[in-house]
Q: 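Just dropping this structure here.
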There are 2 protein chains.
Amino acid sequence: MTRRSSIDSYRKTRVDHASETAEDYVEAIDELIEQEGQCRVTTLARRLGISHVTVSRTLSRLASEDLVETEPYRPIVLTDKGHALAAWARQRHELVLNFLKALGVPENVAIPDAEGMEHHCSPKTLSAMKRFLKETRS
Amino acid sequence: MTRRSSIDSYRKTRVDHASETAEDYVEAIDELIEQEGQCRVTTLARRLGISHVTVSRTLSRLASEDLVETEPYRPIVLTDKGHALAAWARQRHELVLNFLKALGVPENVAIPDAEGMEHHCSPKTLSAMKRFLKETRS
DNA sequence: CATTTAATGTAGCATAGGCTACAAATGGAG
DNA sequence: CTCCATTTGTAGCCTATGCTACATTAAATG
Ligand SMILES: [Mn+2]
Ligand SMILES: [Mn+2]
Ligand SMILES: [Mn+2]
Ligand SMILES: [Mn+2]
């Protein structure tokens, strides 16, 4: 039994990053549909702070992964799978953000930090955060 | 004043990721030098769980950023700048890990999660973690 | 010291995600 | 309906980071 913990940690982080784009996209799409009734490529690009070209290409990949459905010049639609992922990602994001705020991190720092941290929180870490929130609230 | 918070959060996360490789490399190099007296390409590749080819190429970039010094077939050396970054990264990593453990996350989950989360923790988030550790210890 | 093994480097390929410049489609105003 | 502004798509470029296959250098071993 060699020390393979570090290897596994780095691997896990790479895996987290591989799913990060998909999670952030479906999350943003879901929110935009909720807020504006539909999600267009340009709107999404503005929200993510990147060019519409990158968004368009990434959406093709997400479509091939059965997370979104796209038709030329039409609004972006989430598949059932995409919607489920979005719901999960939104819950997790909210939890991590609320946790940081409860820990005493100012909101203007907690918001950007949560955006990155959320993708690296395993179920047990999320549980610990929930526990902390419950204890703090009482 | 439009809602540009999301844009900035995504941007910040992309910036975090851009420095992540450098941070993890110098951190691992520093630890390997401490543990084994020197750091070789192969050893580093084993530790990171990637091929020696990727390590070798990435080291060229880090050398151009004045973080490491490399000579063909020689051990990897950290520059002063690289060593300073390593010291900072190690401190931060340890803090995040200890924080997660103090929060009640089992070590076998805290270790991999900390590896990714560390890169997204702003100074104020780190301060909040330190505060929590102090309060918990007492 | 010759030979084999291990370490390192190099060539070349792939994917993901940035970009600008330009082309084409859509939809609304006149 | 025509024309123009906006949206979307496409071509083509870049960097970072993964890989395998192979070449070369260094080190160990008999
Ligand atoms: Mn995110
Ligand atoms: Mn990350
Ligand atoms: Mn680290
Ligand atoms: Mn790390």
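Just so we're on the same page: letters track the sequence lines, and every chain starts at 1. Because the structure is a prediction, the values reported are computed rather than measured. Because only heavy atoms are used, hydrogens play no part in the values below, and waters and symmetry mates are left out as well, while side chains stay in.
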Q: Please give the stem ranges for DNA chain D, sorted by first residue number, where a stem is three or more consecutive Watson-Crick or G-U pairs and both donor-acceptor distances are under 3.5 Å.
A: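 Stem segments, range with range: C:1-30 with D:1-30.
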
Q: Rounded to the nearest angstrom, tell me the gap between atom NE2 in His52(A) and atom C1' in dA25(C).
A: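 Those two atoms, NE2 and C1', are 12 Å apart.
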
Q: Would you call Lys12(B) and Asp16(B) a salt bridge, taking side-chain N to carboxylate O under 4.0 Å as the test?
A: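 Asp16(B) and Lys12(B): salt-bridged.
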
Q: Give, ordered by number, those residues of residues 71-79 of chain B having at least one heavy-atom distance below 4.0 Å to an atom of DNA chain D; if nothing qualifies, reply none.
A: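 Per residue number, the list reads Tyr73(B).
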
Q: Could you walk me through whether His119(A) and Arg92(A) pass the side chain to side chain contact (heavy atoms under 4.5 Å, CB included) test, one step at a time?
A: CA-CA 9 Å; His119(A) 308 278; Arg92(A) 185 190 58 183; 3.3 Å; yes

Q: Strictly below 4.0 Å: does Thr42(B) bring a side-chain N or O up to OP1 or OP2 of dT8(C)?
A: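 So the side-chain polar atoms of Thr42(B) do come within 4.0 Å of the phosphate oxygens OP1 or OP2 of dT8(C), strictly under.
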
Q: Tell me: CG of Asp16(B) to P of dG17(C), nearest whole Å?
A: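 Answer to the nearest Å: 17 Å.
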
Q: Do any side-chain nitrogens or oxygens of Thr54(A) fall under 4.0 Å of OP1 or OP2 in dG17(C)?
A: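 Negative; the distance criterion is not met.
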
Q: Please test Thr79(B) against Asp66(B) for side-chain hydrogen bond (donor to acceptor under 3.5 Å, both in side chains), starting from the C-alpha separation and ending with a verdict.
A: CA-CA 7 Å; Thr79(B) 63; Asp66(B) 196 33; 4.6 Å; no

Q: Would you tell me if any nitrogen or oxygen in the side chain of Thr21(B) comes within less than 4.0 Å of OP1 or OP2 on dA16(D)?
A: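 No, outside the criterion.
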
Q: If you find the nucleotide of DNA chain D closest to Thr70(A) and the one closest to Arg14(A), which residue's nucleotide is nearer the 5' end?
A: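 Checking each residue's closest nucleotide, the 5'-ward one belongs to Thr70(A).
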
Q: In whole angstrom, what separates Leu48(A)'s CG from dG17(C)'s P?
A: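 Checked: the CG to P distance equals 12 Å.
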
Q: Treating Ile, Leu, Val, Met, Phe, Trp and Tyr as nodes and any side-chain heavy-atom pair under 4.5 angstrom as an edge, say whether Leu133(A) and Val105(B) lie in one connected cluster.
A: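 Leu133(A) clusters together with Val105(B).
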
Q: Going by side-chain heavy atoms closer than 4.5 Å, which hydrophobic residues are tied to Ile111(A), directly or by a chain of links?
A: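 Ile111(A) shares its hydrophobic cluster with Leu97(A).
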
Q: Are OP1 or OP2 of dC19(D) and a side-chain N or O of Ser51(B) less than 4.0 angstrom apart?
A: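 Yes.
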
Q: Would the base of dG18(C) count as contacting Arg57(A) through its side chain, where contact means a donor and an acceptor less than 3.5 Å apart?
A: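 Counting by modelled atom types and ignoring angles, a donor-acceptor contact under 3.5 Å is found here.
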
Q: Which of the following nucleotides, dT7(D), dG9(C), dT10(D), is nearest to the side chain of Ser56(B)?
A: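 Nearest nucleotide to the side chain: dG9(C).
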
Q: Could you measure the distance from the CG atom of Leu48(B) to the OG atom of Ser9(A)? Nearest 0.5 Å is fine.
A: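 Between Leu48(B) CG and Ser9(A) OG, I get 11.5 Å after rounding to 0.5 Å.
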
